[in-house]
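Structure first, commentary second.
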Amino acid sequence: MQIVHIEDLDLPGLADYSRLTDVALRRVSEPASGLYIAESSKVITRALAAGHRPRSVLLQEQWLPDVLPLLADWPDVPVYVGAASVLERLTGYNLHRGALAAMHRPPLAPVSEVIRDARRIVILEDIVDHTNVGAIFRSVAGLGADAVLITPRCADPLYRRSVRVSMGTVLQVPWTRLPEWAAAAPLLHEAGFHLAALALSDDAVTLEQFAGDAPERLALILGAEGDGLSTQALSAADTVVTIPMLHGVDSLNVASASAVALYALRVRV
């Protein structure tokens, strides 16, 4: 194993980890270079189990016994080791989860492949909050949906915060990007999916009513906080579904709403 003790923060291999607190830099550099950052040994384990290829690992020395066994199939991957103060200078924050790995991004699968055997899928339309994206993936994994499709302007599920909030489930749930609605809606309908938009509308049916006779193949469409779903998404939907609320509250946070809806619409075996 290539264990490299950090003495020089200008080592070329450390560039993947520098200035992690700079949001603009991450948005540009991670997708452009075909990398994402996996944080914690648990998330790294899930990334490797999903078949993702590591480029390097960064950690404090006390985490070596936990991480080195995970890299048994990758003996040429450099493992950068440093004191907590050194790693904080490099990344810009306290590495309290012990380890980071720079992972090569796998190519996105075609939509048709991701949904081929699915019965329940979730569509995220233009959700830009990475915390919500990660939380929804965790609900999808935990409540038994089969895949996630995201629109062209949706936040990146492999952004570090999304991966962390999802507890690594973004690495196990199949997902890919949809085209614009003009192409996406016919594609999904041809595959036999009923499109249900979770939104407020005068003609909406309640979640309880809809779940009582839910379609065999269902795509649940979720929109961004504040703006909600676009007119294109609502026009593409076969049904608008709402979660009835009390005490003057009009809606839940989108991640919370996803959990409620996915539980109600889960496939009962």
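Reckoned from all heavy atoms, side chains included, excluding hydrogens, waters and symmetry mates.
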Under 4.0 Å between a side-chain nitrogen and a carboxylate oxygen: does that hold for Asp156 and Arg161? no

Worked verdict on Arg55 versus Leu35 for side chain to side chain contact (heavy atoms under 4.5 Å, CB included): CA-CA 8 Å; Arg55 173 153 124 158; Leu35 300 174; 3.7 Å; yes

Non-hydrogen atoms of Ala118 and Phe193 that approach each other most closely: O-CZ, 3.6 Å

Mind checking the CG-CG spacing from Leu158 to Leu171? Nearest 0.5 Å is all I need. 6.5 Å

For side chain to side chain contact (heavy atoms under 4.5 Å, CB included), just list the numbers for Val81 and Trp63, CA-CA rounded to whole Å, side-chain angles, deciding distance to a tenth of an Å, and then say yes or no. CA-CA 9 Å; Val81 179; Trp63 294 98; over 6 Å; no

Is it the case that the side chain of Ser256 and the backbone of Leu252 share a donor-acceptor pair, with hydrogens and angles ignored and the cut-off at 3.5 Å? no

Does Tyr263 have Arg266 sitting over its ring (NZ/CZ under 6.0 Å from centre, angle to axis within 45°)? yes

Following the transitive rule for hydrophobic clusters with a side-chain heavy-atom cut-off under 4.5 Å over Ile, Leu, Val, Met, Phe, Trp and Tyr, establish whether Ile3 and Val67 coincide in one cluster. yes

Please confirm whether the backbone N or O of Arg164 pairs with a side-chain atom of Glu39, one donor and one acceptor, at under 3.5 Å? no

Inter-residue atom distance Tyr159.OH - Thr131.OG1, 0.5 Å rounding: 9.5 Å

Shared hydrophobic cluster, Ile115 / Val267 (ILVMFWY, side-chain heavy atoms < 4.5 Å): no

Stepwise side chain to side chain contact (heavy atoms under 4.5 Å, CB included) check, Ile6 with Leu58: CA-CA 10 Å; Ile6 300 172; Leu58 177 73; 3.6 Å; yes

Do you know the tightest heavy-atom contact between Ala261 and Leu207? CA-CD2, 3.8 Å

Leu48 and Arg53, any side-chain heavy atoms less than 4.5 Å apart: no

Hey, any chance Val163 and Ile44 share a hydrophobic cluster, counting ILVMFWY side chains that come within less than 4.5 Å of each other, even indirectly? yes

What are the two closest non-hydrogen atoms of Ile127 and Ile136, and how far apart are they? CD1-CD1, 3.9 Å

Sub-4.5 Å side-chain heavy-atom contact between Glu61 and His5: yes

Is it the case that over 12 heavy atoms from other parts of the model lie below 6.0 angstrom from the CD atom of Glu7? no

What is the minimum heavy-atom distance between Val57 and Ala101, and which atoms define it? CG2-CB, 4.1 Å

Assert yes or no for the condition that the ring centre distance of Tyr36 to His104 is strictly below 6.0 Å. no

If we check side chain to side chain contact (heavy atoms under 4.5 Å, CB included) with Phe210, which of these qualifies: Leu198, Thr242, Val240, Val241? Val241

Would you check if Val77 and Gln2 make a side-chain contact, meaning some heavy-atom pair closer than 4.5 Å? no

Shared ILVMFWY cluster between Phe137 and Leu265, side chains joined below 4.5 angstrom? yes

Are Arg177 and Thr151 close enough that some pair of their side-chain heavy atoms sits under 4.5 Å apart? no

So, applying side chain to side chain donor-acceptor pair (under 3.5 Å) with Ser56, which one of Tyr80, Trp74, Tyr17 is it? Tyr17

Measuring from Ile123:CD1 to Leu188:CG, what's the distance to the nearest 0.5 Å? 5.0 Å

Any side-chain heavy-atom pair of Leu195 and Leu220 under 4.5 Å: no

Within this structure, what is the SG-CG distance for the pair Cys154 and Leu149, rounded to the nearest 0.5 Å? 10.5 Å

In this structure, are over 12 heavy atoms from other groups packed under 6.0 Å from Asp8 atom CG? yes

Closest contact, heavy atoms only, Ile150 versus Ala155: CD1-O, 4.0 Å

Counting N and O atoms only, with roles assigned by atom type, does the side chain of Ser162 sit under 3.5 Å from a partner on the main chain of His130, one being a donor and the other an acceptor? yes

Within-4.5 Å side-chain heavy-atom neighbours: Leu9 and Arg89: yes

Value rounded to 0.5 Å, distance of CZ in Arg46 from OG1 in Thr169: 6.5 Å

Out of curiosity, does Val249 fall in the hydrophobic cluster containing Leu200 (side-chain heavy atoms, cut-off under 4.5 Å, transitive links)? no

Side-chain donor-acceptor pair present, Gln209, Thr206, cut-off under 3.5 Å: yes

State, to 0.1 Å, how close Leu222 and Ser258 come at their nearest heavy-atom pair, and which atoms those are. CD1-CB, 3.5 Å

Determine, stepwise, if the pair Leu100 / Leu59 fulfils side chain to side chain contact (heavy atoms under 4.5 Å, CB included). CA-CA 6 Å; Leu100 297 176; Leu59 44 68; over 6 Å; no

Would a 4.5 Å heavy-atom cut-off, applied to side chains only, mark Val254 and Asp129 as touching? no

Nearest-0.5 Å distance, NE2 of residue His194 to CD of residue Glu216: 13.0 Å

Donor-acceptor contact present, side-chain Asp146 to main-chain Arg120, <3.5 Å: yes

